Amino acid sequence: MKKLKWRLLLLLSVMTLVLSGCGEPFISTLIPAGEVADEQFSLMMLSTAIMVIVVAVVTIIFIYVLMKFRRKGSDKIPVQVEGSHKLEIIWTVIPILLLIVLAVPVVASTFNLADTDPMKKALADDKNGGKDPLVVNVRASLYWWEFEYPGYGVITSQDLVLPTDEKVYFNLKASDVKHSFWIPPVGGKIDTNTDNENQFWLKIDSKRAKEAENIFYGKCAELCGPSHALMDFKVKAVSRDEFNSWINKMKNFKAETVAQTASAKQGEQVFKDKGCIGCHAVSPADNRPEQARTAPNLANFADRERVAGILEHNEENIKNWLKDPEKYKPGNTMTGTYGKLTEEELQALTDYLQSLSVEK
Amino acid sequence: MSTLARKKGFWPTVWDYLTTVDHKKIAILYLIAGGLFFVIGGIEALLMRIQLAIPENDFVSAGTFNELMTMHGTTMIFLAATPLLFAYMNAVVPLQIGARDVAFPFLNSLGFWLFFFGGVFLNLSWFLGGAPDAGWTAYASVALNSPGHGVDFYILGLQISGLGTLISGINFLVTIINMRAPGMTYMRMPLFTWTTFVASGLILFAFPPLTVGIALLMFDRLFGGNFFNPALGGNTIIYEHIFWIFGHPEVYILVLPAFGIFSEIIPTFARKRLFGYTSMVFATVLIGFLGFMVWAHHMFTTGLGPIANAIFAVATMTIGVPTGIKVFNWLFTMWGGSIRFTTPMLYAVGFIPSFVMGGVTGVMLAAAPADYQYHDTYFVVAHFHYVIVGGVVFAILAAAHYWWPKMFGKMLNETLGKITFVLFFIGFHLTFFIQHFLGLMGMPRRVFTFLSGQGFDTGNLISTIGAVLMGIAVVVLLINVVVTSVKGEKVGADPWEDGRSLEWAVASPPPEYNFKQTPLVRGLDPLWIEKMEGKKGLTPAEPLSDIHMPNSSILPFIISIGLFIAAFGLMYHNDYSWGVPVAIIGFIITFGTMFLRSIIDDHGYHIHKEDLLKDDNGGVQA
Amino acid sequence: MHVEEKLTAETFPEQPEKATLEGKNKFIGFWVFLGGETVLFATLFATFLALRDSTAGGASTQELFDIKLVFVATMLLLTSSLTSVYAIYHMKNFQFGKMQFWFGVTVLLGLAFLILEIYEFNHYMHEFEFKLTSSALGSAFYTLVGTHGAHVAFGLLWITTLMIRNAKRGLNLYNAPKYYVASLYWHFIDVVWVFIFTVVYLMGMVG
């Protein structure tokens, strides 16, 4: 038994080494960077190890049989064996034992990962509701993500800012069709349903976040329409201090004063005239009901990693996106809602959007 | 074939097939129709793989990709794999149990035509405004949000073809319960018959939920229902449950007959009786039973809560045990045998490691918390293709080579067959093995493209190359079919020389009445028993006498056309004023024809003893 | 025994529905089919139970249902099941006329049930504005009860067709299994109704 344990351990470590060479640290489940992902990764490794043993046994018997018992021209009739109780019991019992080895940690982990009681307690206690522990409300819509920090009255979208080394709790739902919220290196996914709210927690490890340059990729993992493949978001992992500083800046952000240059001011006007503001809020404190929040909040747009969740964040891509969003995200709900923009309007709007920042 | 003087020629042949109720001809119809849909589904797969060969490709648009992806899944499951298995069930099961036909020849024909028209209806969507694009699962919220009529084609087409599948399932159940030859006890039935029996039971209990699920979707989409509209109290999770209560058993509906096929091929070419027959039967029944207990493992991330997830995780793992029993029984059937590597045997041999791979990833997926990572990624795509292609498609290809001589009287070319196998086997592993890693590296499934810089590029390119190899393999198979039908040599009753079950005791192809005299079955592998005792044929259970045969009928074809027409009416009733009348006309055709069937007596006809005596190239030569 | 054989009360077998291979196939096949039907209704029941409180502000089951009407309907259908038992009893005794009579009574009772159901639906739609489209409950209710109603209608057409088709030629081993499975179907419909009465109506009224 002890020998087996050592072999299993050896196998596990070899596999871990091989597999962690796979993929990019900001998106691969094989390079976990948080407690949830760690737990899932160890289950993945355990199950793989057991399965490698099974495959190995089958393969050895298989190769032996194929080598040994090929027909060699003779007309000999082999003995017609009916079966063997001993063998049949062996290959019934051993798999059952292997499955028990796997089932115990699976059940334990299932309950651990679903434990959101601290959040429920905190939310029941209004005074610090949503601050400690941190609660984030996630709302998925055709093809963008809204992140609300109810403890701070702050809404943002597309870029999720999370403090490291602490458990963060999530409430998740969808506003149109079913989506699924997934940050591979941080933890497995959970669906955002149209009928109910789901809850789970994640915890990012600061050291390993650094290896991913503190940015993780988030994905939609449930077919939702043509641009399902492009429904990405980004996760910025920051220390608790940085997070506090950021959330304070967000709270105190005044959208009215950001436009400084003439062009940006003109852009602000375009933003109003073309009706952009009807859907896109530019203040993190958005008191409208969620049904009215039909487009991403742009309050800290200029600080974001990507334009529309997918394009590299630069002026040209902002213009490209505004010119023809359909080209970059087919089926999105922004296409065709604001007519055509002149070159001048485009430049002004871009300048305005680039001024929407809490970091500057 | 001297019993019935048939007119030769193209149109008489077409008419013959439109009206046939003979299980062997219906088998050929299933083979042709299923083969056609298999090729269509394969082309759809290739188009998707071309799109995904390189990052940010624009070979097809996002919308088209979703249509291809939906139609590939739907076509392969409902219109290719199921009917192709039905082809072999029809061709072989009545022969294996020593019956002259199935229990309900008329319904057999009806089942085929319903499936066929349902499939045609579904595929017409490509030409009538766009195919369904909500995935083969058609989850309620995304299906209700899908514009146009694509999803309606899915709903109505599947409804019609599902009805056909249900009818065929009932037919096989009754055939196996009631039509077995004397001495053919349940525990002497060949494994393919057993798996057909269990799979038919699964069809019986799994298809009604599908019927209900897509009917509810139809109400919501076409008639203003609110089952899945949260604003009016609806709930989309209900649909997920209903779909997977059907969807999970469906996997076993496909894979059990595949197990059955390999359980026939392996003993034949190892020249050794199936190891642990009783435990094989037990495992088959157990897998069928457990298949209904595990549906929620498709919904681990839906948010059912830890209790449900833990129960379904453990329940799912248990399926690994009977499946493992089967694998070891196959291995030990070959152990001590005398293995001959014909094309069907190559598939059987290739199947074992391939399917074990699919099986073990299945157990990995059952670990609920790990599944939160695997779910809806390419890991899952790899897993179920290892099961469905490595299990079911390998079985279908193996069976094609194995039973082709029985169905058509000619052997498929072995050299071409082996080339097909090698290309397909390599292509298959090349395509899907790497997808496990793509999934683990963070690539979600059902994506029409992927951005570069995420580490997915190489894996996807390799996968596409593999898919092309599989495509070439299928082309070689088609060439083989053409070459064989032009130049192939006619073969006798037992072309593989090591046949063990009853189908190898009758001529290839068998006469329409199968057995001149119903055989007496004296044990497992009845033909093998007779051979070992040095006899040439089977022991008859009855004296030679007149044989009762069912009449051909065009009515099943017309009933199916009626529903096909009605489906168009239902689909367009909100858009055009002709919708409702057309639906009514369609239903009148269907129910009117059923009424005719009910009031016109059909007693069949008899083949007389004298004609049977003249017909000396078939039946039991006692 | 052969289907086309002319039979008398003496030669008529005890179980005419299973006397021929075709009959036996029908018998087993129909039981199997009813297994599938059971799952179909079970799925509809499960859907209804999940949505029974989803009124979306519209009429609830407590407001809608009226025990008197439903009780009468239940009695009609239960009685029709009993009369179909009589019919099969007479079939086994080779008394064609009596069998036809009792099947006739069965059809009339079934028809009365169906008319009551149509009245009931009409009542809900006009008095309560309770429609398939008005809430998830409406969708679930009309789909479950309506599917049952459609089964009743189909059963009526089926039995009527059988009675008219065979009126002149009497009982034989070709049509005996047909009558038998039609009565099986009728019993099945009846059993489903007992569940509807309990799950939909009684539980709906209690709340």
Side-chain angles (χ1 to χ4, degrees), chain B residues 99-100 102-105 107 166-167 169-179 200-201 203-213 215-216 219-220 223-235 237-239 241-242 245-246 292 548 550 591 594-595 598-604, chain C residues 2-4 18 20-22 24-58 131-140 142-144 146-147 154 157-158 161-162 164-166 169 172 174-175 178:
Chain B
R100 295 228 162 86
V102 292
F104 306 109
L107 289 186
L166 181 63
I167 287 174
I170 293 176
N171 198 358
F172 283 121
L173 278 174
V174 180
T175 303
I176 294 170
I177 293 173
N178 217 21
M179 308 281 281
S200 300
I203 288 175
L204 177 69
F205 293 118
F207 267 73
L210 174 73
T211 304
V212 171
L216 304 187
F219 279 125
D220 273 18
F223 300 98
N226 293 304
F227 289 101
F228 310 122
N229 175 8
L232 286 171
N235 187 321
I237 310 299
I238 295 175
Y239 180 86
H241 281 292
I242 294 178
I245 286 173
F246 149 77
F292 277 99
H548 178 233
F591 285 101
M594 282 164 70
F595 179 74
S598 172
I599 62 166
I600 300 171
D601 287 356
D602 182 0
H603 293 305
Chain C
H2 204 266
V3 274
E4 281 140 299
K18 288 191 278 189
T20 60
L21 179 66
E22 287 81 0
K24 219 168 141 190
N25 281 342
K26 269 208 178 78
F27 178 81
I28 297 171
F30 205 78
W31 270 108
V32 169
F33 166 73
L34 290 182
E37 285 268 86
T38 307
V39 182
L40 181 111
F41 275 104
T43 315
L44 287 172
F45 272 109
T47 309
F48 177 83
L49 283 174
L51 297 174
R52 58 191 285 238
D53 298 319
S54 302
T55 57
K131 294 174 183 155
L132 181 103
T133 52
S134 54
S135 66
L137 170 68
S139 304
Y142 285 112
T143 305
L144 171 58
T147 305
F154 184 82
L157 288 175
W158 184 8
T161 309
L162 273 181
I164 296 172
R165 173 67 184 90
N166 295 304
R169 60 177 177 182
N172 57 36
Y174 181 68
N175 58 27
K178 294 189 175 204

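What you see is a predicted model, and the numbers here were worked out from it, not measured in a lab. These numbers come from the heavy atoms of this one structure, side chains and all, not from hydrogens, waters or symmetry mates.
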Exercise for the section: Kindly determine whether C:Ser135 and B:Asn226 satisfy side-chain contact (heavy atoms from CB on, under 4.5 Å), including the steps that lead there. Expected result: CA-CA 6 Å; C:Ser135 66; B:Asn226 293 304; 5.5 Å; no

Given a strict heavy-atom distance threshold of 4.5 Å, which part of [X] is in contact with chain C: side chain, backbone, both, or neither?
{"X": "B:Ile242", "answer": "side chain"}
{"X": "B:Phe228", "answer": "neither"}
{"X": "B:Ile238", "answer": "side chain"}

Contact part of [X] toward chain B, heavy-atom cut-off under 4.5 Å: side chain, backbone, both or neither?
{"X": "C:Thr147", "value": "neither"}
{"X": "C:Phe154", "value": "side chain"}
{"X": "C:Lys178", "value": "side chain"}

Completion exercise
Output for pair (C:Asn25 CG, B:Thr175 OG1), nearest 0.5 Å, gives 7.0 Å

Practice task
Look at the aromatic rings of C:Phe33 and C:Phe30 and report parallel, tilted or perpendicular, splitting at 30° and 60°.
Solution key: tilted

Exercise for the section: Taking the side chain as every heavy atom from C-beta outward, state whether C:Thr133 and B:Leu232 have any atom pair closer than 4.5 Å. Expected result: no

Exercise for the section: May I ask you to test the B:Val174-C:Lys24 pair for a side-chain heavy-atom distance under 4.5 Å? Expected result: no

For the candidates [options], which exhibits the highest count of non-hydrogen atom pairs separated by less than 4.5 Å from chain C?
{"options": "B:Ile237, B:Thr211, B:Val212", "value": "B:Val212"}
{"options": "B:Phe104, B:Phe223, B:Phe219, B:Phe227", "value": "B:Phe227"}
{"options": "B:Ala206, B:Pro209, B:Gly234", "value": "B:Pro209"}
{"options": "B:Ile170, B:Asn235, B:Asn178", "value": "B:Asn178"}

Exercise for the section: For C:Ser54 and B:Gly233, indicate whether the former's side chain and the latter's backbone hold a donor-acceptor pair under 3.5 Å. Expected result: yes

Exercise for the section: Identify the two heavy atoms, one from C:Leu21 and one from B:Met179, that lie closest to each other, and give their separation to 0.1 Å. Expected result: CD2-SD, 4.0 Å

Problem - side chain to side chain contact (heavy atoms under 4.5 Å, CB included) partners of C:Arg169, counting only residues at least two apart - result: B:Asp601, C:Arg165, C:Asn166, C:Tyr174, C:Asn175

Handout entry: B:Tyr239 vs B:Leu216, side-chain contact (heavy atoms from CB on, under 4.5 Å): CA-CA, chis, key distance, verdict
Key = CA-CA 8 Å; B:Tyr239 180 86; B:Leu216 304 187; 5.9 Å; no

Option that, when pairs with chain B are counted at under 4.5 Å, heavy atom only, ranks first among [options]:
{"options": "C:Leu162, C:Leu40, C:Thr55, C:Leu157", "value": "C:Leu40"}
{"options": "C:Ala50, C:Gly58, C:Gly29", "value": "C:Gly29"}
{"options": "C:Ala56, C:Gly35, C:Ser139", "value": "C:Ser139"}

